[in-house]
Amino acid sequence: MEKRDEITDASPTDAVSSDAKGHRVRLIAGVVAAVVFGVALVAAAVAYATRPIPVMVDGHRRMVPQHTTVAGLLAKHTIAIRNGDLIAVISRRVLRAGGGVTGTIVVDSRLATPGTQVREDSVVSSVVGTDIVEPTRSARVTIVPGSHFSGHGPYVVLSDPGQEGVRIVTRGAVSGELVTTTLIAQARPGMITRHGYTGRAKVISLTFDDGPWPGTTQQILAILAKYKIKATFFMIGTQVERNAAVARAVANAGMSIGNHTQTHQGLAKLSASKVMWQIRTDQSTIVGATGVRPLWLRPPGGEMSRIVYQQANAAHMRLMLWDIDPNDWKRPPTATIVSRVLSAARPGAVVLMHDGGGDRSNTVAALPTIITKLLKAGYHFETLDQMFGR
Ligand SMILES: [Zn+2]
């Protein structure tokens, strides 16, 4: 209540105080106006200072903030660095896009760094890096000599090992494209001489492969014993391991034993060390089981290569193929096996048959007829050692 009265009482002094108030208001308004103007000025200055500027980027007009650097242009993908390519030495095809020299950025005709700033109307361009041709690599390449064959017959002798040749071959290191090839030394082919029986006797040699085979091998031994005939058995090492007693029976019967490799793997595509392993392992397996050291080697399937000739020589073994192959392992009828052998029989022939590798009952059944007919025709039977000498 009292306060309200005071306010009412104060009204007579209003004229004086409103005059002083008017000064204050004008002062405040002036300051505010000055501040607003100042702020506007600063804002305008800032706006001017940061307004986008036009630049030419690779022939296109672009608006960018002032003080933009090359790094900034790259970051915003306004421009890109374009490297050269890695290209093939001969075909010039691109092996790796961007694998060449790093591209550069030029600002106003000057090589720019990432920190280079663009100015209004700057001309910015991306210069593609040059292509790089792939490096080349030279290698010494062995020329494997071929083989010359001469003569006829089942006994195969490497009469001259020949000589490897050498060439230097240069290729693209990435593409492999051939650049040059330089002959350093010509290869000299090996000489393979095939021998047949040269004696005058009417002899023939029976050979049995892929054993020892339980049952079949003993049946064949019994037939041979009945006619007092000696033959040659080319044994597989793994078969000897499984059937050592059968292998011993062959040796005890006075038969000749040959090496038919340890596992009966085709030798033509094997490395030298693998061929040698096949030969040596079978040798020691046979020697271990029978005490007989084979002289003859018959590669499975007759598969041979330059390596096989060389490794047989190194192992001091003689390579023996055959003259007559009735294909008995395909189990043709007994009469077919008989007629195939008899129709091809001639003095000095080596006959290939099988005591192992599966059911050979047709071979066993054919054998007595083959033997009696040949004996009747005047042949006598020899082992390979007897026919070709040991
Ligand atoms: Zn075989």
Side-chain angles (χ1 to χ4, degrees), residues 153-156 194 204-221 224 231-244 246-247 249-251 255-270 274-287 289-290 292-305 307-309 311-312 315 317-332 336-337 340-341 344 349-364 366-367 370 383-385 387-388:
Y155 175 18
V156 183
R194 300 186 64 154
I204 200 159
S205 190
L206 299 182
T207 64
F208 298 94
D209 288 11
D210 299 355
W213 199 268
T216 310
T217 304
Q218 289 97 324
Q219 288 172 346
I220 291 174
L221 285 178
L224 296 174
T232 305
F233 289 75
F234 283 96
M235 295 184 178
I236 299 169
T238 50
Q239 285 301 110
V240 175
E241 286 169 354
R242 285 187 207 112
N243 309 289
V246 183
V250 174
M255 301 296 158
S256 183
I257 296 177
N259 182 321
H260 198 38
T261 75
Q262 179 65 15
T263 69
H264 204 254
Q265 194 178 359
L267 300 183
K269 293 195 171 97
L270 295 189
K274 285 190 169 152
V275 168
M276 191 51 108
W277 182 88
Q278 287 285 347
I279 297 172
R280 289 229 163 111
T281 311
D282 194 25
Q283 283 294 91
S284 56
T285 306
I286 292 169
V287 170
T290 68
V292 174
R293 176 167 292 279
L295 172 64
W296 299 94
L297 168 68
R298 177 173 281 162
E303 268 191 32
M304 294 197 285
S305 68
I307 286 172
V308 173
Y309 305 134
Q311 298 309 304
M317 302 212 68
R318 297 181 185 174
L319 282 166
M320 175 57 64
L321 297 179
W322 54 83
D323 295 299
I324 300 171
D325 178 7
N327 267 310
D328 66 320
W329 62 274
K330 289 183 182 168
R331 282 178 273 195
T336 306
I337 298 174
R340 281 175 181 170
V341 173
V350 174
V351 183
L352 167 65
M353 286 186 283
H354 295 80
D355 61 330
D359 175 10
R360 300 288 171 254
S361 51
N362 288 0
T363 302
V364 173
L367 208 49
I370 290 169
T383 64
L384 296 174
D385 291 350
M387 215 152 91
F388 292 95

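Whatever order the structure lists ligands and atoms in, that order sets their numbers, starting from 1.
In this structure, the side chain of Gln262 does not engage the main chain of Arg280 through any donor-acceptor pair within 3.5 Å. Panel note: side chain Thr217, backbone Pro214; no donor-acceptor pair is recorded below 3.5 Å. A donor-acceptor pair is defined here as one N or O able to donate and one able to accept, closer than 3.5 Å; no such pair exists between the side chain of Arg194 and the backbone of Pro154. Counting only distance, with no hydrogens or angles, the side chain of Gln311 and the backbone of Val308 share no donor-acceptor pair below 3.5 Å. A side-chain donor-acceptor contact under 3.5 Å links Asn362 to the backbone of Pro332.
The set of protein atoms (N, O or S) found at less than 2.8 Å from the Zn ion (ligand 1) reads Asp210 OD1, His260 NE2, His264 NE2, by chain and number.
The heavy-atom pair separating Ile279 from Ala315 by the smallest distance is CG2-CB, 3.9 Å.
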